Enquirer: 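Pasting a structure below so you can have a look.
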Amino acid sequence: MNTLHTDVAVIGAGTAGLAAYRAARAAGKRAVIIESGPYGTTCARVGCMPSKLLIAAAEAAHEAHHTAPFGVHIDGTIRIDGHQVMGRVKSERDHFVSFVLKGVENIPAEDRLVGHARFIDNLILNVGEHTQVNAHSVVIATGSVPSIPDAFQVFGDCLIINDDVFNWDTLPKRVAVFGPGVIGLELGQALSRLGVHVRVFGARGGVGPLTDPAIRDYARDTFQQAFHLDPDATILDMARDGDEAIICYQASNQMAVTERFDYVLVATGRVPNVKGLDLQHTQLQLDSKGVPVFDPHTLQCGRTSVFIAGDANNHLPLLHEAADEGKTAGTNAAHYPDVKPGHRRAPIAVVFTDPQIAMVGQRFADLPANGFVTGEVSFEDQGRSRVMLKNKGLMHVYADQASGRFLGAEWIGPRAENIAHTLAWAYQQSLTIDQMLDMPFYHPVVEEGLRTALRDASAKLK
Ligand SMILES: Cc1cc2nc3c(=O)[nH]c(=O)nc-3n(C[C@H](O)[C@H](O)[C@H](O)COP(=O)(O)OP(=O)(O)OC[C@H]3O[C@@H](n4cnc5c(N)ncnc54)[C@H](O)[C@@H]3O)c2cc1C
Ligand SMILES: NC(=O)c1ccc[n+]([C@@H]2O[C@H](COP(=O)([O-])OP(=O)(O)OC[C@H]3O[C@@H](n4cnc5c(N)ncnc54)[C@H](O)[C@@H]3O)[C@@H](O)[C@H]2O)c1
């Protein structure tokens with residue numbers, strides 16, 4: 001076994017790990033980055049980018065099927081070629097992965113270790129069977145893995161996760177999706193629009209990340225008009241027969257329905273990927289799920305020189321947060337014991353369904369019971385949205401009664417990915433509702449809908 005001494009050892013070459021490595025090097029320290037799987041990051045290989053590519057194909061199919069209300073008729077057949085759909089998803093995905101790989105190749109070879117990292121103690125790691133790393137500081141950036149309830153193992157190799165979807169050579173005929181969270185809604189709707197027979201089953205009534213009951217109910221009703229979605233499904237039986245998965249569930253009319261599927265996509269949440277790290281060999285304090293207890297501002301685990309960033313800490317499992325956290329963890333690892341809070345941006349989350357879902361600032365669930373008002377707008381009669389035939393949506397903006405400050409928003413509606421940024425920038429600047437209303441709104445744009453919600457909040461504040 002080789003022995004290697006370094007200032008900072010980073011475990012995981014995903015988005016957070018690469019940012020941590022670069023930050024430690026920028027601070028003038030010796031650093032190594034350890035990776036056990038394929039280079040390329042979860043986001044580019046099996047996450048953000050391939051899912052958005054599949055959604056783009058689905059949107060093209062959907063638009064082609066919905067031109068008639070404009071008086072535009074496609075009289076020939078609209079043909080979805082599953083091989084070509086998956087061909088583009090994979091080739092464009094590879095293009096995005098190649099950018100990441102170029103960045104990895106620019107890291108000096110002696111700084112890149114390949115193998116599974118395990119803790120021997122707080123600051124000693126074994127990498128595979130070949131190298132022992134002695135570090136002054138360690139950054140854990142091992143990402144997350146799907147959490148799959150045992151009951152689904154009955155489906156054998158019909159059980160798949162998001163990674164498997166992006167390996168398909170063509171589209172299957174029938175897919176059951178468990179979990180109407182972010183992944184289940186995005187992929188379920190996309191597959192349905194591409195002609196796949198889709199059933200989405202949930203537990204406990206959740207729809208995406210929404211916490212405002214009125215918005216959640218509106219989203220549920222909207223998606224239910226487009227594809228089969230039961231957020232609180234009663235599953236009567238699950239079995240495997242030959243090449244097929246069999247699911248017996250209670251339909252909305254209370255009748256038992258049995259259907260056969262090619263695949264069962266389990267998207268029931270993700271958990272920090274820390275199990276194989278042998279954390280029991282460290283002195284780190286672990287929470288009830290075995291994840292190191294850490295400070296969300298500095299990412300430091302207790303008072304040690306171990307830091308944890310990105311999906312591995314499950315604090316804000318999103319791409320831009322992983323990048324920010326990696327930078328903070330890498331900088332603090334390099335400067336330990338001089339540890340400082342990193343930059344935190346306004347909370348923002350977007351789900352790339354149609355209509356899109358977005359959340360900015362404080363979630364409805366985190367607001368106090370009293371002391372705030374809710375401004376509302378429906379996009380059903382909103383001018384620009386009606387023009388485009390995208391007039392589905394409901395938005396709530398929350399404002400602090402005492403100060404008039406914008407607190408947050410949850411909504412489903414057109415162009416939410418863009419409006420979310422306007423709102424996140426306002427939140428980060430601590431603007432009041434009236435200050436936001438002093439800003440320009442062009443005509444006719446979807447943002448005029450946001451203005452209606454802000455005016456409603458402003459009236460309620462008075
Ligand atoms: C289907 C899907 C769609 C998504 N879409 C979006 C989106 O649209 N927008 C958004 O903001 N976020 C999205 N996300 C979330 C986003 O992809 C993640 O938040 C982000 O990729 C996390 O980066 P990370 O660096 O923490 O983890 P990763 O990129 O997963 O990196 C972790 C790395 O650690 C390595 N590793 C693990 N254990 C060890 C070990 N013991 N030794 C050595 N190496 C190890 C792994 O092999 C991996 O390469 C999506 C996720 C999924 C799954
Ligand atoms: N657009 C984006 O930013 C984007 C896209 C995809 C993923 N992500 C990230 O990935 C994370 C994980 O996504 P996810 O969708 O796996 O998790 P999630 O937590 O968003 O959703 C999991 C869903 O599964 C349901 N569920 C749990 N157990 C179930 C069961 N036994 N049967 C049926 N349903 C069950 C839950 O009630 C919930 O609705 C997200 O939190 C997000 O951070 C982000």
Side-chain angles (χ1 to χ4, degrees), residues 9-20 33-52 54-55 100 104 113-119 125-128 139-152 161-163 165-166 176-188 200-210 216 230-233 235 238 265-278 308-323 325-326 348-353 356-359 417:
V10 178
I11 313 176
T15 303
L18 287 167
I33 183 161
I34 308 160
E35 175 56 59
S36 59
Y39 286 121
T41 75
T42 290
C43 173
R45 288 176 46 251
V46 292
C48 330
M49 299 315 282
S51 58
K52 267 75 264 180
L54 191 75
I55 290 167
V100 182
V104 172
L113 299 182
V114 173
H116 185 89
R118 286 191 172 79
F119 282 89
L125 302 168
N126 272 4
V127 180
V139 177
I140 302 171
T142 48
S144 59
V145 287
S147 154
I148 303 178
D150 287 345
F152 292 114
I161 59 165
N162 55 287
D163 300 32
V165 170
F166 309 121
V177 180
F178 279 87
V182 191
I183 294 178
L185 280 183
E186 285 190 352
L187 296 184
V200 182
F201 302 112
R204 299 179 290 280
V207 179
L210 291 166
R216 189 186 55 217
D230 184 349
D232 197 9
I235 303 297
M238 306 197 294
L265 172 61
V266 178
T268 48
R270 293 176 70 88
V271 290
N273 184 14
V274 295
K275 257 197 182 142
L277 284 173
D278 283 353
I308 185 164
D311 279 19
N313 68 33
N314 206 21
H315 179 54
L316 292 162
L318 297 170
L319 187 275
H320 68 282
E321 300 286 357
E325 289 189 0
I348 177 172
V350 176
V351 186
F352 294 84
T353 44
Q356 294 179 332
I357 292 170
M359 297 169 67
E417 67 180 276

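What you see is a predicted model; the values in this text were computed from it and never measured. Ligands are counted one by one from 1 in listed order, and the atoms in each one are counted from 1 as well.
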Enquirer: Between Ile55, Ile183, Asn314, flag the one that comes closest to atom 7 (C) of ligand 2 by a heavy atom.
Expert: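 Nearest option to atom 7 (C) of ligand 2, by heavy atoms: Ile183.
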Enquirer: Please check if the side chain of Thr142 supplies one atom and the backbone of Asn273 the other of a donor-acceptor pair under 3.5 Å.
Expert: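 Checked: pair present.
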Enquirer: Check ligand 1 against Gly310 and write out every atom of the ligand that is under 4.0 Å from a heavy-atom position of the residue.
Expert: 26 (O)
Enquirer: I need the nearest protein heavy-atom contact for atom 23 (O) of ligand 1: residue, atom name and distance, please.
Expert: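 It is Ala322 CB, 3.8 Å.
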Enquirer: Please list, in number order, the atoms of ligand 1 under 4.0 Å from a heavy atom of Leu319.
Expert: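 Once the distances to Leu319 are compared, the set is 10 (C), 11 (O), 12 (N), 19 (O).
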Enquirer: Give a yes or no on whether the backbone of Arg118 and the side-chain of Asp278 come within a donor-acceptor separation of less than 3.5 Å.
Expert: no
Enquirer: If you count the atoms of ligand 1 from 1 in the order shown, which ones are under 4.0 Å from a heavy atom of Asn273?
Expert: 37 (C), 38 (N)
Enquirer: Taking a cutoff of less than 4.0 Å between a non-hydrogen atom of the residue and any ligand atom, is Ser51 in contact with ligand 1?
Expert: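 Ser51: in contact with ligand 1 (<4.0 Å).
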Enquirer: Below 4.0 Å, non-hydrogen atoms only: which portion of Asn162 touches ligand 1? Side chain, backbone, both or neither.
Expert: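 Near ligand 1, Asn162 shows its side chain, while the N, CA, C and O stay back.
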Enquirer: Who's closest to atom 7 (C) of ligand 1 heavy-atom-wise, of Cys48, Gly326, Gly128?
Expert: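 It is Cys48 that holds the nearest heavy atom.
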Enquirer: Side chain, backbone, both or neither: which part of Ile183 has a heavy atom under 4.0 Å from ligand 1?
Expert: side chain
Enquirer: What atoms of ligand 1 come within less than 4.0 Å of a heavy atom belonging to Pro317?
Expert: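 This gives 15 (C), 19 (O) as the contact atoms.
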Enquirer: Is the shortest heavy-atom distance from the side chain of Asp311 to the side chain of Thr42 under 4.5 Å?
Expert: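 Result no, sub-4.5 Å side-chain heavy-atom pair not found.
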Enquirer: Which option, Glu186, Glu325, Glu321, Glu35, owns the non-hydrogen atom nearest atom 49 (O) of ligand 1?
Expert: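 Minimum heavy-atom distance to atom 49 (O) of ligand 1 goes to Glu35.
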Enquirer: Tell me if a side-chain donor or acceptor on Asp232 pairs with a main-chain N or O of Ala203 at a distance below 3.5 Å.
Expert: no
Enquirer: So is Val127 close enough to ligand 1, meaning a heavy atom under 4.0 angstrom away?
Expert: no
Enquirer: Is there a side-chain contact between Ile183 and Arg270 in this structure, where contact means two heavy atoms from C-beta onward sitting under 4.5 Å apart?
Expert: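 In contact.
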Enquirer: Quick one: does any side-chain atom of Asn162 pair with a main-chain N or O of Gly47 as donor and acceptor, under 3.5 Å?
Expert: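 Here the side-chain-to-backbone pair does not exist.
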Enquirer: State, yes or no, whether a side-chain contact exists between Val114 and Tyr39 at a heavy-atom distance under 4.5 Å.
Expert: yes
Enquirer: For ligand 2, which atoms, with element, lie under 4.0 Å from some heavy atom of Phe352?
Expert: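 Per the distance check, 1 (N).
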Enquirer: Please state which option from Gly12, Gly115, Ala16, Ala141 has its nearest heavy atom closest to atom 32 (C) of ligand 1.
Expert: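 That would be Ala141.
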Enquirer: Is the contact between Leu319 and ligand 2 made by the side chain, the backbone, both, or neither, using heavy atoms and a 4.0 Å cut-off?
Expert: neither
Enquirer: With heavy-atom distances below 4.0 Å as the criterion, list the atoms of ligand 2 near Arg270.
Expert: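 In order of number, 12 (C).
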Enquirer: Any idea which of Pro317, Gly179, Ala233 brings a heavy atom closest to atom 9 (C) of ligand 2?
Expert: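 Result: the heavy atom closest to atom 9 (C) of ligand 2 is in Pro317.
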Enquirer: Counting from 1, what ligand 1 atoms have a heavy atom of Ile11 closer than 4.0 Å?
Expert: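 Matching atoms, with element in brackets: 40 (C), 42 (N), 43 (C).
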Enquirer: Are the side chains of Val351 and Pro209 in contact, using a 4.5 Å heavy-atom criterion?
Expert: yes
Enquirer: Do Val182 and ligand 2 have an N or O pair less than 3.5 Å apart?
Expert: yes
Enquirer: Restricting to non-hydrogen atoms, name the atom on Pro180 and the atom on Gly206 that form the minimum distance, rounded to 0.1 Å.
Expert: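 Looks like CG-O, 3.5 Å.
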Enquirer: With the side chain counted from C-beta on, respond yes when Phe119 and Leu125 share a heavy-atom pair under 4.5 Å apart, and no when they do not.
Expert: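 Result yes, sub-4.5 Å side-chain heavy-atom pair found.
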Enquirer: Would Lys52 count as a polar contact of ligand 1, with the cut-off being nitrogen or oxygen pairs under 3.5 Å?
Expert: yes
Enquirer: Under a 3.5 Å distance rule, please check whether Thr15 uses its side chain to pair with a backbone N or O of His320 as donor and acceptor.
Expert: no
Enquirer: Counting non-hydrogen protein atoms only, what is the nearest one to atom 23 (C) of ligand 2? Give residue, atom name and distance.
Expert: Gly181 N, 3.7 Å
Enquirer: Going by the order shown, which atoms of ligand 1 are within less than 4.0 Å of some heavy atom of Thr42?
Expert: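 Those of ligand 1 that fall under 4.0 Å from Thr42 are 21 (O), 28 (P), 29 (O), 30 (O).
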Enquirer: Does some non-hydrogen atom of Pro209 fall short of 4.0 Å from ligand 2?
Expert: no
Enquirer: Has Glu321 got a side-chain atom pairing as donor or acceptor with Leu316's backbone, closer than 3.5 angstrom?
Expert: no
Enquirer: Please compare Gly47, Ala44, Ala117 and report which has the shortest non-hydrogen distance to atom 42 (N) of ligand 1.
Expert: Ala117
Enquirer: What part of Val182, side chain, backbone, both or neither, has a heavy atom within less than 4.0 angstrom of ligand 1?
Expert: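 Neither part.
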Enquirer: Tell me, which protein residue and heavy-atom name are nearest atom 36 (C) of ligand 2, and how many Å apart are they?
Expert: Arg204 NH2, 4.4 Å
Enquirer: Does the side chain of Asn314 reach to within under 4.5 Å of the side chain of Val271, using non-hydrogen atoms?
Expert: no
Enquirer: Heavy-atom contact under 4.0 Å between Gly202 and ligand 2?
Expert: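 Yes, that is the case, since the closest heavy atom of the residue is under 4.0 Å from the ligand.
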Enquirer: To which protein heavy atom is atom 37 (O) of ligand 2 closest, and what is the distance rounded to 0.1 Å?
Expert: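 Ranking protein heavy atoms by distance from atom 37 (O) of ligand 2, first comes Ala203 O, 3.3 Å.
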Enquirer: Using modelled atom types only, decide if a donor and an acceptor are shared between the side chain of His315 and the backbone of Glu325 within a distance under 3.5 Å.
Expert: no
Enquirer: So if I count the atoms of ligand 1 from 1 in the order they appear, which ones are less than 4.0 Å from some heavy atom of Ile34?
Expert: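 Numbered from 1, ligand 1 contributes 43 (C), 44 (N).
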Enquirer: Counting non-hydrogen protein atoms only, what is the nearest one to atom 43 (C) of ligand 1? Give residue, atom name and distance.
Expert: Ser36 N, 3.4 Å
Enquirer: Where is the nearest protein heavy atom to atom 38 (N) of ligand 1: which residue, which atom, and how far?
Expert: Thr142 CG2, 3.4 Å
Enquirer: Could you check whether any side-chain heavy atom of Phe352 comes within less than 4.5 Å of a side-chain heavy atom of Leu54, counting everything from C-beta outward?
Expert: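 Phe352 does not reach Leu54 side chain to side chain.
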Enquirer: Closest non-hydrogen protein atom to atom 19 (O) of ligand 1, residue and atom name please, with distance?
Expert: Asp311 OD1, 2.7 Å
Enquirer: Applying a heavy-atom cut-off of 4.0 Å, say which part of Phe352 lies close to ligand 1: side chain, backbone, both or neither.
Expert: side chain
Enquirer: Which residue and atom name correspond to the protein heavy atom nearest atom 21 (O) of ligand 1, and how close is it?
Expert: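 Checked against all protein heavy atoms, atom 21 (O) of ligand 1 sits closest to Cys43 N, 3.6 Å.
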Enquirer: For atom 30 (C) of ligand 2, what's the nearest protein heavy-atom neighbour? Residue, atom name and distance, please.
Expert: Thr268 CG2, 3.7 Å
Enquirer: Any idea which protein heavy atom is nearest atom 3 (O) of ligand 2, and the distance to it?
Expert: Val350 O, 3.4 Å
Enquirer: Report yes if some heavy atom in the side chain of Pro38 is under 4.5 Å from a heavy atom in the side chain of Arg45; otherwise report no.
Expert: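 Yes - at least one pair of side-chain heavy atoms lies under 4.5 Å apart.
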Enquirer: For ligand 2, which atoms, with element, lie under 4.0 Å from some heavy atom of Phe201?
Expert: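 In order of number, 33 (C), 34 (N).
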Enquirer: With heavy atoms of Gly143 as the reference, note each atom of ligand 1 found under 4.0 Å away.
Expert: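 Heavy-atom distances to Gly143 below 4.0 Å select 26 (O), 27 (O), 30 (O), 32 (C).
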Enquirer: Can you list the ligand 2 atoms lying under 4.0 Å from a non-hydrogen atom of Pro180?
Expert: 39 (O)
Enquirer: Specify the protein heavy atom at minimum distance from atom 19 (O) of ligand 2: its residue, its atom name, and the distance to 0.1 Å.
Expert: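 Looking at atom 19 (O) of ligand 2, the protein heavy atom closest to it is Gly269 CA, 4.1 Å.
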Enquirer: Any non-hydrogen atom of Arg118 lying under 4.0 Å from ligand 1?
Expert: no
